[in-house]
Q: 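Mind looking over this structure? Questions follow.
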Amino acid sequence: RAARDYGLAAEAYDGLAALYADAGRADDALALAERGVVHAARVDARDLLLSLEGRVGRLAQGLGRDELSLQAYRRAVGHVEAVRSDLPVRYVDGRSSFRETLEPLYLGLTDQLLRRAAQRTGPEHDALLRQARDTVELIKQTELEDYLRDRCSVGSAARRVAAPPPGVAVHYPILLPDRVELLVETATGIERHSVPVTAEQMRDRVLAFVSALRNGQALRARAESLYRVLVAPVDPLLQAQRIHTLVTVPDGVLRLLPLGALHDGRGWLLQ
C-alpha cells in the first residue's frame, strides 16, 4: 500500500482472504476480500476483480448476507461479460477452463437471484426469474464458445426470443450444490420449482440411469425416480397449458440424460 502498488495489494488481500477462509474465519476473510476489491478497482484489474468479487459472493452467502452476495456476483459476472471476447479458451485434462473458473460465478448469481425471487411476488418476482434464466443462457453461450474455440461468432449470433409460442415450454433444470431448481418458460410467463436433491445425488442417479440404458438393464424404477425430480413438479403446468413440445436446456451431467426416456408411472415422457 505504501508503494501505491494497488494491483499487488489486491493480490495480497485475495491470498489472505483465501487463507482465512480455509482457517474457518469467514468474517475476517470477507473483510479482507472486500478490501482487495477496493484496491483492484483502483487499477481496473479485472482478473483480480473476478476472483475477489467471486470470493465475496461465496463468503457472504455462507454468512447469510444474501444482499451482499447478490451484488458481488452481479459485479463479477459483469466483469466477465465486459472482457468475454478477450478470454482465452483453454483446456486442461479435456475440461474447459470456463467450467473450473468462471461457471461458479454465473451459478452463484443464478442461485442468489432464485433465492431472492422466492421472497418476492408480482412483477419483481417474474423479473428475477427472467434474470436467472438469462444468466443460465450466458453459461450456455460461453460453453458453446469454448466448444467451438471461438468467442466472437457465437456472441454475434446470440439473440433472445421474447417468449415461446403457445404449446411450447422451455425447461431449465439447474443443478446447485444443495438443490435442483427448475425454471419453465411458456407463452404466459416463467415459473420456478425447487427440489431438495443435491447436485451430487443427481449426478449419481443420472449416471446409474445412463449405465442401465447402455447395458440393457431395467429402467423403470430409475426413470420414475428422475421423473419425480425433473418433470413431476412442473407437470401440472404442462398439462394446464397443453404443452406438446418440451425444450430442455440441460446442465452438467444432465446432458447425458434422454429426457423422453423418463417415466411417470403410467407412460414414458416421450409419449
Side-chain angles (χ1 to χ4, degrees), residues 1-93 95-116 128 131-132 134-139 141-143 145-146 149-156 158 176-177:
R1 292 198 306 270
R4 297 183 182 277
D5 190 337
Y6 300 121
L8 192 58
E11 258 188 277
Y13 278 123
D14 194 22
L16 283 170
L19 290 172
Y20 275 76
D22 289 343
R25 297 173 60 177
D27 286 296
D28 293 327
L30 178 58
L32 288 163
E34 288 185 294
R35 292 171 73 179
V37 167
V38 172
H39 284 76
R42 289 182 173 182
V43 290
D44 197 27
R46 291 191 181 271
D47 55 339
L48 287 170
L49 284 168
L50 292 178
S51 175
L52 285 159
E53 294 283 22
R55 194 179 302 284
V56 170
R58 291 190 300 276
L59 290 166
Q61 180 171 328
L63 292 168
R65 300 178 61 181
D66 286 347
E67 176 61 29
L68 177 59
S69 177
L70 173 61
Q71 296 309 320
Y73 277 127
R74 280 192 192 277
R75 291 191 296 270
V77 169
H79 294 313
V80 176
E81 290 301 305
V83 297
R84 173 193 284 274
S85 61
D86 297 325
L87 291 174
V89 178
R90 297 193 182 99
Y91 280 79
V92 179
D93 296 329
R95 291 172 62 84
S96 163
S97 58
F98 166 76
R99 183 165 291 277
E100 300 296 329
T101 59
L102 300 181
E103 185 183 39
L105 302 178
Y106 289 85
L107 284 178
L109 176 57
T110 302
D111 189 357
Q112 285 299 326
L113 288 167
L114 292 171
R115 287 174 185 270
R116 173 167 286 197
L128 288 165
Q131 289 172 35
D134 292 345
T135 304
V136 172
E137 289 282 5
L138 288 174
I139 296 175
Q141 179 181 333
T142 305
E143 288 174 339
E145 291 168 348
D146 279 11
R149 298 177 183 265
D150 186 351
R151 299 253 180 245
C152 297
S153 62
V154 178
S156 63
L176 296 172

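The figures that follow rest on heavy atoms only: side chains count, while hydrogens, waters and symmetry mates do not.
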Q: Run the numbers on Arg58 and Gln61 for side-chain contact (heavy atoms from CB on, under 4.5 Å), then give the verdict.
A: CA-CA 5 Å; Arg58 291 190 300 276; Gln61 180 171 328; 5.9 Å; no
Q: Which atom pair, heavy atoms only, marks the closest approach of Gly36 to Ala10?
A: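 Answer, listing the atom of Gly36 first, then Ala10: O-CB, 3.6 Å.
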Q: Out of curiosity, Leu52 CG to Arg75 CZ, how far, rounded to the nearest 0.5 Å?
A: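 If I round to the nearest 0.5 Å, the distance is 11.0 Å.
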Q: How long is the span from the CG atom in Leu105 to the CG atom in Leu50, to the nearest 0.5 Å?
A: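 One finds 6.5 Å between CG of Leu105 and CG of Leu50.
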Q: Nearest 0.5 Å, please: how far is CG in Leu49 from CG in Asp47?
A: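 Reported value, rounded in 0.5 Å steps: 8.0 Å.
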Q: Look only at the side chain of Ser69 and the backbone of Arg65, and say whether a donor-acceptor pair between them is shorter than 3.5 Å.
A: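 No; zero donor-acceptor contacts below 3.5 Å.
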Q: Is there a side-chain contact between Thr110 and Leu114, using heavy atoms and a 4.5 Å cut-off?
A: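 Thr110 vs Leu114: side chains touch.
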Q: Could you note down all residue pairs passing side-chain hydrogen bond (donor to acceptor under 3.5 Å, both in side chains) where residues 12-26 supplies at least one of them, sequence neighbours left out?
A: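 Output for this query lists Arg1-Tyr13, Tyr13-Arg35, Asp14-Ser51, Asp14-Arg55, Arg25-Asp28.
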Q: Can you check whether Glu34 reaches Leu68 side chain to side chain, under 4.5 Å on heavy atoms?
A: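 Glu34 vs Leu68: side chains touch.
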Q: Is the shortest heavy-atom distance from the side chain of Gln131 to the side chain of Leu128 under 4.5 Å?
A: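 With C-beta onward as the side chain, the pair touches.
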Q: Do the side chains of Arg74 and Leu113 get nearer than 4.5 Å, heavy atoms only?
A: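 Yes, side chains in contact.
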Q: NE2 of His79 to CG of Asp44: how many Å apart, nearest 0.5 Å?
A: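 The NE2 atom of His79 sits 8.0 Å away from the CG atom of Asp44.
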Q: Suppose we screen for ring pair (Phe, Tyr, Trp, His ring centres under 6.0 Å). Which residues come up paired with Tyr6, at least two apart in sequence or across chains?
A: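 Only His39 meet the ring pair (Phe, Tyr, Trp, His ring centres under 6.0 Å) criterion with Tyr6.
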Q: Looking at every non-hydrogen atom in both residues, tell me the closest pair between Ala29 and Ala21 and how far apart they are.
A: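 Ala29 and Ala21 have their closest heavy atoms at CB-N, 3.6 Å.
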Q: Given side chains that start at C-beta, do those of Leu32 and Leu19 come closer than 4.5 Å, heavy atoms only?
A: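 Heavy-atom side-chain distance check fails, nothing below 4.5 Å.
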Q: Are side-chain heavy atoms of Tyr73 and Asp111 found at a separation under 4.5 Å?
A: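 A side-chain contact is absent here, since even the closest heavy-atom pair is not under 4.5 Å.
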